[in-house]
Structure formats: C-alpha cells, structure tokens
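Here, residue 1 is the first one in the sequence, and each next residue gets the next number.
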Amino acid sequence: MMQLHWSPKSPYVRKVMVCAHELDLLPQLELVRSVAAMLKPNERLMQDNPLSKIPTLVLDNGFTLFDSGVICEYLDDLAKGSLFPKDGTSRWPAQRWQAFGNGLLDVLILWRNERERETPLQPLLDAFALKTEACLRQLDAEAASLTDAPLTIGHIAIGCALGYIDYRFDSLGWRAKAPRLATWHHTLRQRPSFEATEPIDG
C-alpha cells in the first residue's frame, strides 16, 4: 500500500487522483489528509517531503516521490498505462500540454495568494489576469487538437487547471472567452475520474 499526502482542494493532488482513477490504482493508495500552507510548514509532512508540499507519494518501501508530474508518471509506469506516450509524435504534445496546464495553475495560485493579501498589488493582479486570458485564448485555439488526441497527462493537467478556475475564479466567466475549450472541457469533466475528484472544501 502506498501513502499519498492528499487534500481535496489541491489541483496538483487532483492530477494524481485523476491518474489513479484512470489507471485503476486507487485501491493501492492510502490517502493521508495533509495541510500544506505556505506560511505554516507541516512538520508531519516534512518527514516525507522536506519541502512541505503536496502531493507527496510514499512507496511501500519508504521511498518518496515529489511533484505531481513525477508521481503521475510513476503511476502510469506502474500500471503500464498510456498517459505518458513513449512515441515522440505523441509524447511531446502531451508533455507540452502538461507544462501548459501546470504553468497556468502556477499563475492562478499566485493570483489567488496575491488577492488574499491585506493590500494586494494591483500591477500583479493585472499581470496574472493578462497571462490567464492569454492562456485561455491559446488553449481555445488548440481545442480541436485536444479533442482529437487520446487522453494523456496533458489533457489531465489542463482539465485540472480549468477546474481550479471554476473552483477559485468562478466570476472570471472563462467559458465565454474560450467557447471551443469549454466544449472540450465539458466532455472531459464527465469522465468518472474527473467527476470523482471535483475539488471540495474540507
């Protein structure tokens, strides 16, 4: 049994959980509820990951893996899955989309942290908004390619980023800005793996 340091709100944890569902590995995971607040390092979590970050996966031999991408690739290798294509013509678009989704998530999380400050810096808020809208435009232009390609880690990363916008930035109204992307996401979120991992408070 592997242990996964987990939170129902983390989009990076959600990436791992979607992969676990898709790969039928959920029965092999023990979920350990772990809070990883930036200003309050979690001493218990730091025993497994000195960065005090989630997700962190503890293997049955005690070896630990950090970072959602690394953990997802490990699970895919363990299950002999196809979420990380080996062939270059499929691999690099999948990895690019994963980087795109992760990068968008990084922007969104920094944006949320900044707007929660007592006195947020407006130029930073404006920059995060500008980057997010640019990402949505680009992904909208790539919606047909996302639709045509088999499910990979890239689809999962982008899907989790869009789900995070729904969770934390609902007022953004991103679907009106990226209608083709919204159509693709509507289909993706109906997969059981996405339905089971919708972020929740708690």
Side-chain angles (χ1 to χ4, degrees), residues 1-88 90-110 112-113 149-161 163-164 167 188 191-202:
M1 182 70 74
M2 298 176 285
Q3 289 187 336
L4 178 69
H5 287 281
W6 166 93
S7 164
K9 296 186 284 189
S10 165
Y12 293 110
V13 169
R14 188 182 189 192
K15 278 179 60 186
V16 173
M17 293 299 293
V18 169
C19 288
H21 278 276
E22 292 286 345
L23 298 166
D24 294 322
L25 290 176
L26 203 59
Q28 298 187 40
L29 293 178
E30 176 189 350
L31 303 182
V32 179
R33 181 69 171 91
S34 301
V35 177
M38 187 176 296
L39 296 178
K40 295 181 180 179
N42 183 325
E43 292 185 9
R44 169 64 190 88
L45 174 59
M46 291 178 71
Q47 294 174 22
D48 294 322
N49 182 348
L51 296 171
S52 189
K53 295 177 72 174
I54 56 174
T56 293
L57 183 68
V58 183
L59 307 186
D60 53 10
N61 63 1
F63 189 73
T64 56
L65 295 175
F66 314 149
D67 185 82
S68 62
V70 173
I71 295 171
C72 289
E73 189 163 6
Y74 173 82
L75 295 179
D76 192 59
D77 184 67
L78 181 66
K80 296 180 171 54
S82 58
L83 298 178
F84 288 79
K86 303 298 189 292
D87 177 70
S90 300
R91 176 175 176 78
W92 297 118
Q95 291 285 23
R96 175 184 172 275
W97 278 328
Q98 179 182 207
F100 206 152
N102 288 349
L104 177 54
L105 272 175
D106 289 343
V107 168
L108 293 167
I109 290 170
L110 289 172
R112 177 173 180 263
N113 288 342
L151 183 77
T152 67
I153 189 61
H155 297 78
I156 293 170
I158 291 170
C160 289
Y164 189 75
Y167 184 50
L188 181 75
R191 296 181 73 91
S193 59
F194 274 85
E195 288 185 335
T197 58
E198 285 284 348
I200 58 172
D201 290 325

Have a look at Thr56 and tell me which of Thr64, Asn49, Asp67 forms a side-chain hydrogen bond (donor to acceptor under 3.5 Å, both in side chains) with it.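 By the side-chain hydrogen bond (donor to acceptor under 3.5 Å, both in side chains) criterion, Thr56 pairs with just one of Thr64, Asn49, Asp67: Asn49.
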Calculate, to the nearest 0.5 Å, the distance between atoms [atom1] and [atom2] belonging to [X] and [Y] respectively.
X	Y	atom1	atom2	answer
Cys72	Met17	SG	CE	11.0 Å
Leu151	Cys19	CG	SG	8.0 Å
Gln47	Leu45	CD	CG	9.0 Å
Leu4	Arg33	CG	CZ	12.0 Å
Ser82	Ile153	OG	CD1	11.5 Å
Asn113	Leu108	CG	CG	11.0 Å

Is the shortest side-chain heavy-atom distance between [X] and [Y] below 4.5 Å?
X	Y	answer
Lys15	Asn102	yes
Leu57	Leu29	yes
Lys53	Tyr12	no
Leu75	Met2	yes

Kindly give the heavy-atom pair with the smallest separation between [X] and [Y], and that separation in Å.
X	Y	answer
His21	Ser193	CB-CB, 3.6 Å
Pro55	Val16	CG-CG2, 3.8 Å
Pro199	Gly163	CG-O, 4.5 Å
Thr152	Pro85	CG2-CG, 3.8 Å
Tyr74	Leu59	CE2-CD2, 3.6 Å
Ile54	Ser10	CD1-CB, 4.1 Å

Considering only residues two or more places apart or on different chains, which pairs with a residue in residues 90-110 satisfy ring pair (Phe, Tyr, Trp, His ring centres under 6.0 Å)?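 Ring pair (Phe, Tyr, Trp, His ring centres under 6.0 Å) check on residues 90-110 returns Trp97-His155.
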Short side-chain to backbone donor-acceptor contact, [X] and [Y], under 3.5 Å:
X	Y	value
Ser34	Val32	yes
Arg14	Phe194	yes
Asn42	Val35	yes

Answer yes or no: are there more than 12 heavy-atom neighbours, outside Glu195 itself, under 6.0 Å from its atom CD?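 Atom CD in Glu195 is packed in, count exceeds 12.
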Contacts of Trp6 that satisfy ring pair (Phe, Tyr, Trp, His ring centres under 6.0 Å) - sequence neighbours left out: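 Result, ring pair (Phe, Tyr, Trp, His ring centres under 6.0 Å) vs Trp6: none returned.
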Under 3.5 Å, is there a donor-acceptor pair linking the side chains of His5 and Asp48?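 Note: His5 and Asp48 side chains meet the donor-acceptor criterion.
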